[in-house]
Amino acid sequence: MVSLLFPAMTSETPPPVPRAAPTGADVDLSSRVALVTGGGSGIGKACVVALAAAGATVHVVDRDAEAAEAVAAETGGEAHVVDLADPAAIDTLPTDADILVNNAGLQHVAPLTEFPPERFALIQQVMVTAPFLLMRRGLPHMYARGWGRLINVSSVHGLRASAYKAAYVAAKHALEGLSKVAAVEGAPHGVTSNCINPGYVRTPLVENQIRDQAAAHGISPQDVLTDVLLTRPPIKRLLEAEEVAAAALWLCADHSGYITGASLPLDGGWGAT
Ligand code: NAD
């Protein structure tokens with residue numbers, strides 16, 4: 001079967017970028033502890049690999065036990081099997097992280113008039129309330145050390161809207177606001193807070209979206225890729241999770257200490273159109 005995410009190449013389709021993980025060679029995080037939510041898959045997994053390669057000890061947080069344990073074993077980190085929709089479970093997580101990557105997320109695609117309220121609430125809980133609770137618990141440690149990095153994996157949809165994504169777009173816009181407040185409050189303590197705003201990344205989340213969008217629009221999965229997802233970015237390819245991880249690693253370096261309250265688009269030029 002042909003993969004949904006490898007469209008036929010044309011003369012106008014740029015080749016996929018090399019998928020090598022960032023080595024972390026120019027960023028030394030050997031004295032740092034990181035916590036990555038959704039670290040078992042996709043962008044979160046790539047962030048764990050990149051941070052560990054730079055020397056950090058990484059807490060891999062995911063509700064998927066098998067995935068979290070596999071990534072932790074691969075990177076010398078520690079797995080924490082937690083459902084981030086459950087505030088009591090968040091209270092069991094360690095509070096010693098110098099770097100917090102708020103990454104876990106989920107999508108639901110439906111018109112506003114049919115959007116299930118319980119899915120809307122769940123998405124806010126996992127993608128807004130959990131990052132807030134993790135910041136609230138983790139910031140005292142960062143303030144005590146006089147150094148910290150909050151990396152909030154937002155989206156192009158933290159800056160603009162698409163149809164059928166009411167909960168996701170609302171949650172990502174809320175995360176943008178939360179990140180900015182953390183930047184303002186964290187500044188006197190050496191803590192920066194930034195969002196990364198990817199376009200469409202080649203991960204399981206996007207595979208699922210292609211399936212759902214195909215159903216919503218009544219078109220084939222291949223047409224979703226070419227006629228829906230990649231119509232707006234001038235660069236006609238999916239982003240790789242390793243490219244997002246490279247940006248997260250770059251924000252963790254000391255040379256990025258003056259960058260805070262920012263939103264870094266990795267959108268193939270989408271925002272320029
Ligand atoms: P993914 O589905 O590959 O991975 C998400 C991970 O989060 C999974 O391991 C899942 O088990 C975990 N997770 C989900 N809900 C959880 C919960 N309640 N508790 C604990 N863990 C939970 O997704 P991805 O594409 O890597 O997305 C990661 C982040 O990047 C999300 O916040 C997403 O919104 C954002 N993002 C993705 C894209 C994209 O195109 N893939 C684009 C922009 C932003």
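The structure presented is a predicted model; accordingly, all values stated were derived computationally and were not measured. Order of appearance sets the numbers: ligands from 1, and atoms from 1 within every ligand.
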Whether Arg32 side chain and Cys252 backbone form a donor-acceptor pair below 3.5 Å: no
Among protein heavy atoms, which lies nearest [atom], and at what distance?
atom: atom 33 (C) of ligand 1; result: Tyr168 OH, 3.4 Å
atom: atom 3 (O) of ligand 1; result: Ser41 OG, 2.7 Å
atom: atom 21 (N) of ligand 1; result: Arg63 N, 3.3 Å
atom: atom 42 (C) of ligand 1; result: Gly199 O, 3.0 Å
atom: atom 40 (O) of ligand 1; result: Val201 N, 2.6 Å
atom: atom 2 (O) of ligand 1; result: Leu205 CB, 3.5 Å
atom: atom 41 (N) of ligand 1; result: Thr203 OG1, 3.0 Å

Does [X] have a non-hydrogen atom less than 4.0 Å from ligand 1?
X: Ala130; value: no
X: Ala68; value: no
X: Ala67; value: no

Side chain to side chain contact (heavy atoms under 4.5 Å, CB included) between Leu249 and Leu51, worked out: CA-CA 6 Å; Leu249 186 61; Leu51 293 168; 4.1 Å; yes
Sub-4.0 Å atoms of ligand 1 with respect to non-hydrogen atoms of [X]:
X: Tyr200; answer: 40 (O)
X: Asn103; answer: 28 (C), 29 (C), 30 (O), 31 (C), 32 (O)
X: Pro204; answer: 3 (O)
X: Gly38; answer: 6 (C), 7 (O), 12 (C)
X: Val153; answer: 29 (C), 30 (O), 32 (O), 35 (C)

Should [X] be counted as touching ligand 1, given the test is an N or O pair under 3.5 Å?
X: Asp83; result: yes
X: Lys172; result: yes
X: Leu84; result: yes
X: Asp64; result: no
X: Ile43; result: yes
X: Val61; result: no

Part of Val82 within contact of ligand 1 (heavy atoms, under 4.0 Å): backbone
Proximity to ligand 1 by part of Val126, non-hydrogen separation under 4.0 Å: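 Just the side chain.
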Distance-only polar pair, side chains of Arg145 and Ser31, donor-acceptor under 3.5 Å: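 The answer is no; no qualifying pair exists.
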Under 3.5 Å side-chain donor-acceptor pair for Ser30 and Asp28: yes
Gap between atom CZ of Arg202 and atom CD of Glu207 - 0.5 Å precision: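 Answer for the CD-CZ pair, Glu207 versus Arg202, is 9.0 Å.
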When you compare the side chain of [Y] with that of [X], does any pair of heavy atoms fall below 4.5 Å?
X: Lys45; Y: Val60; value: no
X: Leu175; Y: Pro131; value: yes
X: Thr192; Y: Leu251; value: no
X: Ile259; Y: Trp250; value: yes

Minimum non-hydrogen distance to atom 39 (C) of ligand 1, winning option of Asn208, Val81, Val206, Val36: Val206
Proximity winner for atom 5 (C) of ligand 1, if only heavy atoms of Gly105, Gly44, Ser154, Gly42 are counted: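 Nearest heavy atom to atom 5 (C) of ligand 1 lies in Gly105.
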Can you name the one residue among [options] that meets side-chain contact (heavy atoms from CB on, under 4.5 Å) with [X]?
X: Ile210; options: Val228, Asp223, Val224; value: Val224
X: Cys195; options: Pro265, Ser179, Ser155; value: Ser179
X: Leu238; options: Val201, Leu230, Thr203; value: Leu230

Linked, directly or transitively: Val153 and Leu266 (ILVMFWY side chains, under 4.5 Å): yes
Criterion side-chain hydrogen bond (donor to acceptor under 3.5 Å, both in side chains) against Ser154, the qualifying member of Glu176, His173, Lys172: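 Of all the options given, the one that passes is Glu176.
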